[in-house]
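The figures that follow rest on heavy atoms only: side chains count, while hydrogens, waters and symmetry mates do not. Heads up: numbering here begins at 1 and tracks the sequence. Given the structure is predicted, the values throughout are model-derived calculations rather than measurements.
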Amino acid sequence: MEQTELQVEIPSVLKQTSCQNIKGFDCVDYGNRNDPNPLENAISDKESYGESIAGSNITKLERQEVVIISSPASPSGLHIGQTKLVLHSEKCENTDQNNTKNPYPQLAKQKKFHSQPILVRENGDRKVVHSEAIRDHRFDPFKTWSGRLERQISNLRGKPTQEPDIEAGASEREEIEEAPGVDRYFDALEGPELDTLRATEVSVLPEDEKWPFLLRFPVNAFGICLGVSSQAILWKTLNTSPAMSFLHISPMPNLILWWAALALILFVSLVYLLKIVFYFEAVKREYYHPVRVNFFFAPWIACLFMALAVPPSIAVNLRPFIWYILMTPIFMLELKIYGQWMSGGQRRLSKVANPSNHLSIVGNFVGALLGANMGLKEGPIFFFAVGLAHYIVLFVTLYQRLPTNAALPKELHPVFFLFVAAPSVACMAWAKIQGDFDYAARIPYFIALFLYMSLAVRVNFFRGIRFSLAWWAYTFPMTGASIATIKYTMAVTNIVTRSLSVCLSAISTFTVSTLLVYTIIHAFVLRDLFPNDISIAITRKKPKFSKMLAHFRSSSSDSKDFDSSVSKNSDI
């Protein structure tokens, strides 16, 4: 039986096309291009790698189609010896009469083989797999090194990045990186602290997955530091006050709380410093946020608390230069924020007034108290006067809420206790400046005491509130009122003032201890203390209807598409 050999003529187009021009596929030079049997040479290469393939049997197959599919390039420099031979045949028979079976049945059974592309970039003579296809770019607009500076560094390293082909995409990215105006925050956000995205808005970050930890770490986490450091002041006052000597308080609680507060401040500051380094755009958005901007006073106020609470065993008198160092950033922030309140622009006080604005006032009175303890005169009086003037304006603005203003929800009720903080510290600051707890000092103290009682008797303020970092707003105002009461007891000593001091101190300590336990549970057990910070992920302009529609359609499938793309590239 004669064997008919199929001679397939190669099309002219393939003859003129060089495989050297096809990027991403192996190219093998056989040396002798007139070799009529290049397949046997390829098989001999394969035998050199330890795979015994009977080349003579393969070349005798009748009516076969031999297809050599070149594998994509890899870092190990694969060549034809490591490629796969795939036999496509509807009828594969061996012409040798002695062998009735195909010695390679697994090759005959394979019908299709899809060679999938891999993105590669050339690094000299070596081809390296490029992993940009599986990297998540959705958080890049908030990264410090993701903009023009990163592209310049890449160019200096000799690896120029590809510029965006579509100008609209580049303009959209610039729009994301630019911080929104204050009107945009009020239009796009809702909730007690403007931290919830409205249903008609589109977030620039994915909402269906957990963000990186630094993006979820807010500046109001310094409220924890305020609560713990103020407790160190309370226990130092209980230990050193002659009017409270009947309690026989040991100096050990003050020492333990001071070191715990110091460790906590260092930890929170380090984490937020990392956020500044790696996600500066997110920090800038927090600074432009009408509520979050007030918490930028918190780390400096916490440091002032630490200076006031320093145990006598560590230091008795602090150097005055510490006061100047701590008050300089507070003064710079006040120049910025108070100027915005007075200028009548978008950030005027009547528009951005919030109980958290008391933090910018408390810094003046705490600084005046610390400066007076150090023996300074003019500096403490200056900050006391500035704080008093702006506290009166803020108090009146917040007290007479217009009928058009919506009532604050329950989640914001804890920050109402910030009303108590400023007059509590103000009375102690003036008493230290004047040298006596006189009538001028008693006026702000009685205001603070009345506000404290008016909030404490409203039981509904403490019901149905979901735990969050806002709860720490209870702590240092309560502690400030307790310390002010102890100072007042030193001037007016009787059973009523002593009982009031003990009662307020116990309530303050119990509140801080409870919140500390809750915080640890939610941070390390439930791990829901820091949810996605939606307030920094709003667009600069109101999204168009088409974008909102596309957002609703793709919100449920974004994560699936990304996971599938990662799995496909990993399989290759």
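Relative ring orientation between Phe296 and Tyr287 is described as perpendicular, the plane-to-plane angle rising above 60° on a 0-90° scale split at 30° and 60°. Using the six-membered ring where Trp is involved, Trp471 and Tyr518 have ring planes that are tilted, between 30° and 60° apart.
Using modelled atom types and a 3.5 Å distance limit, the side chains of Ser535 and Arg285 yield no donor-acceptor pair. A donor-acceptor pair shorter than 3.5 Å cannot be found between the side chains of Thr485 and Ser501. Between Glu334 and Ser360, the side chains place no donor N or O within less than 3.5 Å of an acceptor N or O (distance only, hydrogens not considered).
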Audit row: Leu388, Ile361, side-chain contact (heavy atoms from CB on, under 4.5 Å) steps and yes/no: CA-CA 8 Å; Leu388 180 63; Ile361 306 297; over 6 Å; no
List the steps and the verdict of side-chain contact (heavy atoms from CB on, under 4.5 Å) for Leu189 and Leu197. CA-CA 5 Å; Leu189 299 172; Leu197 195 68; 4.1 Å; yes
Where do Ile538 and Arg184 land on the side-chain contact (heavy atoms from CB on, under 4.5 Å) test, with the steps shown first? CA-CA 8 Å; Ile538 64 174; Arg184 187 74 191 105; 4.1 Å; yes
Derivation of the side-chain hydrogen bond (donor to acceptor under 3.5 Å, both in side chains) call for Ser508 and Thr479: CA-CA 5 Å; Ser508 174; Thr479 306; 2.7 Å; yes
Step by step, would you call Lys541 with Asp187 a salt bridge (charged side-chain N to carboxylate O under 4.0 Å, His left out)? CA-CA 10 Å; Lys541 296 180 180 179; Asp187 293 340; over 6 Å; no
Worked verdict on Val512 versus Phe476 for side-chain contact (heavy atoms from CB on, under 4.5 Å): CA-CA 9 Å; Val512 173; Phe476 80 92; over 6 Å; no
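Annotation: side chain of Tyr391 is in contact with side chain of His358 (closest heavy-atom distance under 4.5 Å).
Aromatic rings from Phe217 and Phe213 are positioned such that their centres are separated by under 6.0 Å. Phe383 has its ring centre less than 6.0 Å from the ring centre of Trp323. Aromatic rings of Phe222 and Phe295 (six-membered ring for Trp) have centroids beyond the 6.0 Å cut-off, not under it. Ring pair Phe417/Tyr474: centre-to-centre distance below 6.0 Å.
A salt bridge between Lys284 and Glu281 is present, with a side-chain N of the basic residue lying under 4.0 Å from a carboxylate O of the acidic one. Here Asp183 does not pair with Lys542 in a salt bridge; the nearest charged N to carboxylate O distance is not below 4.0 Å.
Side chain of Lys236 to main chain of Val310: a donor-acceptor pair is present (N/O by atom type, distance under 3.5 Å, no hydrogens or angles). A donor-acceptor contact shorter than 3.5 Å links the side chain of Ser454 to the backbone of Leu451. Here the side chain of Asn354 pairs no donor or acceptor atom with the backbone of Val291 at under 3.5 angstrom.
In this structure, Thr475 and Gly227 approach most closely via the heavy-atom pair OG1-CA, 3.4 Å.
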